[in-house]
Q: 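Just passing along the structure, written as structure tokens.
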Amino acid sequence: MIDVAVIIVSWNVRDYLPNCLRSVYAEFNRSKLRGEIWVVDNASTDGTVSLVTDLFPTLNLITNGHNPGFGAANNQGMRAAAVQKPRYYFLLNPDTLVRTGAISALVDRLDERPKAAMAGAR
């Protein structure tokens, strides 16, 4: 079981994704949350997949041969992550940077409100 499954849908985001991934890993290391990342690539043509494979070889990478769309790819990532039985799913855009404490703050708020079904960052 893990605390957080981070799902990132990518499509031609080679220039953004590495910094996004580094920020998530930094937050996991700082907070001691148990988490894993799933990147679902929707048939990128800019080298995103090879870059992710080279820089983050232990990352959970799903490569689609076509672009099924953002929603379908998020669902695909959540289905793949479900085997780890995450307490929470965090859907993250690839062009974002996770600020220090952001994921742990979301987890803390959800833990404080067991009836809450979802939370969003501001």
Q: For Tyr89, does the OH atom have more than 12 heavy-atom neighbours from other residues, nucleotides or ligands under 6.0 Å away?
A: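 Yes, the 6.0 Å shell around OH holds more than 12 heavy atoms from other groups.
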Q: Quick one: closest heavy-atom pair of Val49 and Leu61, and the distance?
A: CG1-CD2, 3.9 Å
Q: Do Leu59 and Glu36 have side chains that approach each other closer than 4.5 Å (heavy atoms only, starting at C-beta)?
A: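 When only atoms from C-beta onward are counted, Glu36 and Leu59 do not touch, as no gap falls below 4.5 Å.
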Q: Rounded to the nearest 0.5 Å, what's the gap from OG1 on Thr96 to CG on Leu92? Could you check?
A: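 The distance works out to 3.5 Å.
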Q: Locate the shortest heavy-atom distance separating Gln76 from Val40; write the atom from each residue and the value.
A: OE1-CG1, 3.5 Å
Q: Mind checking whether Asn42 and Pro68 have side chains closer than 4.5 Å, heavy atoms only?
A: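 They are in side-chain contact.
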Q: Which pairs with one or both residues in residues 109-120 pass side-chain hydrogen bond (donor to acceptor under 3.5 Å, both in side chains), sequence neighbours excluded?
A: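 Listed once each, the pairs are Arg87-Asp111, Tyr88-Asp111, Arg109-Glu112.
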Q: How long is the gap from CG on Leu110 to CG on Asp108, to the nearest 0.5 Å?
A: 9.5 Å
Q: Just wondering, are more than 12 heavy atoms of other shown residues or ligands nearer than 6.0 Å to CE in Met1?
A: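 Above 12, so yes.
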Q: Is there a donor-acceptor pair under 3.5 Å between the side chain of Asn67 and the backbone N or O of Ala43?
A: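 Side chain of Asn67 to backbone of Ala43, a donor-acceptor pair under 3.5 Å: no, none is there.
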Q: Strictly distance-based, threshold 3.5 Å: is any side-chain N or O of Ser23 a donor or acceptor partner for the main-chain N or O of Val98?
A: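 Side chain of Ser23 to backbone of Val98, a donor-acceptor pair under 3.5 Å: yes, one is there.
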Q: About how many Å separate CG of Leu91 and CG of Asn74, when rounded to the nearest 0.5 Å?
A: 4.5 Å
Q: Using modelled atom types and a 3.5 Å cut-off, is there a donor and acceptor pairing between side-chain atoms of Ser44 and backbone atoms of Asp41?
A: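 Not at all, since once roles are kept as given, no pair shorter than 3.5 Å links the two residues.
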Q: Is there a path from Phe28 to Leu55 through hydrophobic residues (I, L, V, M, F, W, Y) whose side chains come within less than 4.5 Å of each other?
A: yes
Q: Can you name the nearest heavy-atom pair linking Cys20 to Ile8, along with the distance?
A: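 Of all heavy-atom pairs spanning Cys20 and Ile8, the closest is SG-CD1, 3.9 Å.
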Q: With a 4.5 Å heavy-atom cut-off, do Asn60 and Ile37 have their side chains touching?
A: no
Q: Do Val107 and Val24 land in one hydrophobic cluster if side-chain heavy atoms of ILVMFWY residues count as linked below 4.5 Å?
A: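 Yes, because Val107 and Val24 connect within a single hydrophobic cluster, where side-chain heavy atoms sit under 4.5 Å apart.
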Q: Kindly say whether Ala82 contributes a backbone atom to a donor-acceptor pair with the side chain of Lys85 at under 3.5 angstrom?
A: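 Judged by distance alone, no pair lies under 3.5 Å.
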Q: Going hydrophobic residue to hydrophobic residue with side-chain gaps under 4.5 angstrom, can you get from Ile7 over to Ile2?
A: yes
Q: Is there a donor-acceptor contact under 3.5 Å from the side chain of Asn12 to the main chain of Asp46?
A: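 Yes; judged by distance alone, with no hydrogens or angles, the pair exists.
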Q: Donor-acceptor pair, Asp3 side chain versus Arg34 backbone, under 3.5 Å?
A: yes
Q: Might you point out which heavy atoms bring Phe90 and Ile103 nearest each other, and give the distance in Å?
A: CE2-CG1, 3.6 Å
Q: Could you list who else is in Val9's hydrophobic cluster, with ILVMFWY side chains joined at under 4.5 Å, directly or through other members?
A: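 Noted: Val9 shares its cluster with Phe70.
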Q: Between Phe56 and Leu33, is there shared hydrophobic-cluster membership here, with clusters defined by ILVMFWY side-chain heavy atoms closer than 4.5 Å?
A: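 Yes: a chain of side-chain contacts under 4.5 Å links Phe56 to Leu33.
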Q: A side-chain contact here means heavy atoms from C-beta on lying under 4.5 Å apart; do Leu17 and Val39 qualify?
A: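 The answer is yes, as the side chains (C-beta and beyond) meet within the 4.5 Å cut-off.
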Q: Please say yes or no: joined through hydrophobic side-chain contacts below 4.5 Å, possibly via intermediate residues, are Val13 and Val6 part of one cluster?
A: yes
Q: For Arg30, what residues pass the side-chain hydrogen bond (donor to acceptor under 3.5 Å, both in side chains) criterion, not counting sequence neighbours?
A: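 Counting only residues at least two positions away or on another chain, Arg30 forms a side-chain hydrogen bond (donor to acceptor under 3.5 Å, both in side chains) with Glu27, Ser104.
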